[in-house]
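We name chains A, B, ... by the order of the sequence lines, and we start the count at 1 in each one. Hydrogens, waters and symmetry mates are skipped; everything else that's a heavy atom, side chains included, is used.
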Amino acid sequence: MDDYDLIYKKLLKNYSNQGWWPSIGFDGKNPTKTGVIKGYHPGFYEFPRNTTELFEIIIGAILTQNTSWTSVEKSLINLREYINFDAQELLDFSKNNENKFKEAIKPAGYYNQKFNYLINISEFYLSLNGNTPSREEILNVKGVGNETADSILLYGYGEKQFVIDAYTKRIFSYLGLIKEKDSYLKIKNLFEENFNGDVKDFQEYHALIVEHGKRHYSKKPYGVNDKLLNNFKK
DNA sequence: AACCAGGACGTGA
DNA sequence: TCACGTCATGGT
C-alpha cells in the first residue's frame, strides 16, 4: 500500500463515511449505519436512485463551483419551490421567470453565469436521452470544467473518476506528494494510478479530502496544524 | 477588513 | 500552455 491508500484509510478511520453527494430531497428512509444528516447519506451508496436525484446532483455540481455547500443548499431549496429537479421544467421556468430563477440561486453567487450554465447543462442533459455522457462530452458544455465533470460522473453516474479540488492540491502539495502547479489531469492521473479503490472509495476519498481540508487547509498557513497526516510529509 | 468558499471562462502573452 | 482578471453572495 502506498501513501494514497494509507492516507485514505487514515481519513476514513478518522472522519468516517461522508455520505456524498448530499441531496435536499433525501428522505432518510433508507437503512444506513450512521444515519442521515442534512441530506447526507453515509453508508448508502445506491444514490442517486432516479433521474430526479441525478439531475439534482448535476445542477448542484454547477451551483457549488467556488461556493460553500450551505449556500448551494439554500439555492436548491429556493429552486425547489418553483420546479422539480427536471431538466425540461428547469428550461421552461428559466424562459418564463428569469428574474425569479436568478433570485432563487443568488445565495450560491455568480448567479448570472450560473443561470446560463444551468440552462446549458439542462439542454445537454435532455439531448442525452437518458444515456451516460462521456467525460469529453460533458466538458464541451460551457460551464462544466474538469472538477464539475468528474463530480457529475463520479457521484451522478457512478463512474470511477477521481475528483481533484483546491483542497486536494493544498493538502497533497503540502505533504510533498505533488507540486503546487501540477495540472488537474496530472494530479487526477496520479490518484487513479496509485489509489486502489472502487467507486464508493473514490466517492469517499474526495469527500474526506474536503472535510479534512476545511479543518486544516482553509486558513493560512495551510496544514501547519494537520497532525493527522503529518507523518506522510516528505 | 480581508480572505475564503467542494471553479470556469476569456484574454493576452 | 499559462498567468491573470472576472464573476457575486455569504460566512468568518
Sugar-phosphate, base or nothing in reach of A/G145, heavy atoms under 4.0 Å: sugar-phosphate
Geometric cation-pi criterion A/R170 and A/Y217, 6.0 Å radius, 45° cone: no
Donor-acceptor pair (no angle test) under 3.5 Å: A/Y205 side chain, B/dG6 base: no
From A/W69, A/F44, A/Y45, residue fulfilling ring-ring contact (aromatic ring centres under 6.0 Å, His included) relative to A/W21: A/W69
Sugar-phosphate, base or nothing in reach of A/K74, heavy atoms under 4.0 Å: sugar-phosphate
Residue A/S71, side-chain atoms from C-beta onward, closest of C/dA8, C/dG10, B/dG6: C/dG10
Residue-phosphate contact under 4.0 Å: A/Y167 side-chain N/O, B/dA5 OP1/OP2: yes
Exam field: side chain A/E89 to backbone A/N84, donor-acceptor pair closer than 3.5 Å: yes
Presence of A/Y111 side-chain N/O under 4.0 Å of C/dA8 phosphate oxygens OP1/OP2: no
Short side-chain N/O contact to B/dA5 OP1/OP2 from A/R170, under 4.0 Å: yes
Length of the line joining A/K114:NZ and B/dA5:C1', which is rounded to integer Å: 9 Å
Under 3.5 Å side-chain donor-acceptor pair for A/N140 and A/R135: no
A/S218 side chain near B/dA5 phosphate (N/O to OP1/OP2, under 4.0 Å): yes
Side-chain donor-acceptor pair present, A/Q88, A/D92, cut-off under 3.5 Å: yes
Length of the CD-C1' vector between A/Q65 and B/dG6, whole Å: 10 Å
Aromatic stack A/Y117/B/dG7: centroid gap under 5.5 Å, interplanar angle under 30°: no
Sugar-phosphate only, base, or nothing, as touched by A/K219 at under 4.0 Å among non-hydrogen atoms: nothing
A/Y174 six-ring centre to A/K233 NZ/CZ under 6.0 Å and within 45° of normal: yes
Earlier contact from the 5' end, DNA chain B, for A/T64 and A/G143: A/T64
Sugar-phosphate only, base, or nothing, as touched by A/Q113 at under 4.0 Å among non-hydrogen atoms: base
Nucleotide B/dA5, atom P - distance to NZ of A/K106 in whole Å: 24 Å
Between B/dA5 (P) and A/I62 (CD1): distance, integer Å: 20 Å
Face-to-face contact A/W69 to B/dG6 six-ring, under 5.5 Å, under 30°: yes
Whole-Å distance separating the CG atom of A/L63 from the C1' atom of C/dG10: 15 Å
Below 4.0 Å: OP1/OP2 of B/dA8 and any side-chain N or O of A/T148: yes
Side-chain donor-acceptor contact under 3.5 Å, A/S23 with A/E53: no
Sugar-phosphate, base or nothing in reach of A/V72, heavy atoms under 4.0 Å: nothing
Interatomic distance, A/Q203 CD vs B/dG6 P [rounded to whole Å]: 19 Å
Whole-angstrom distance between B/dG6 and C/dG5, as gauged at atom C1': 22 Å
Side-chain N or O of A/K102 closer than 4.0 Å to phosphate OP1/OP2 of C/dA8: no
Closest to the A/N112 side chain, choosing from C/dA8, C/dT9, B/dG7: C/dA8
Between P of B/dG6 and CD1 of A/I164, the distance in whole Å: 16 Å
OP1 or OP2 of B/dG7 under 4.0 Å from side-chain N/O of A/Y184: no
Sugar-phosphate, base or nothing in reach of A/K181, heavy atoms under 4.0 Å: nothing
A/A108 vs A/S183, nearer the 5' end of DNA chain C by closest nucleotide: A/S183
A/H216 NE2 - B/dC4 P separation (whole Å): 18 Å
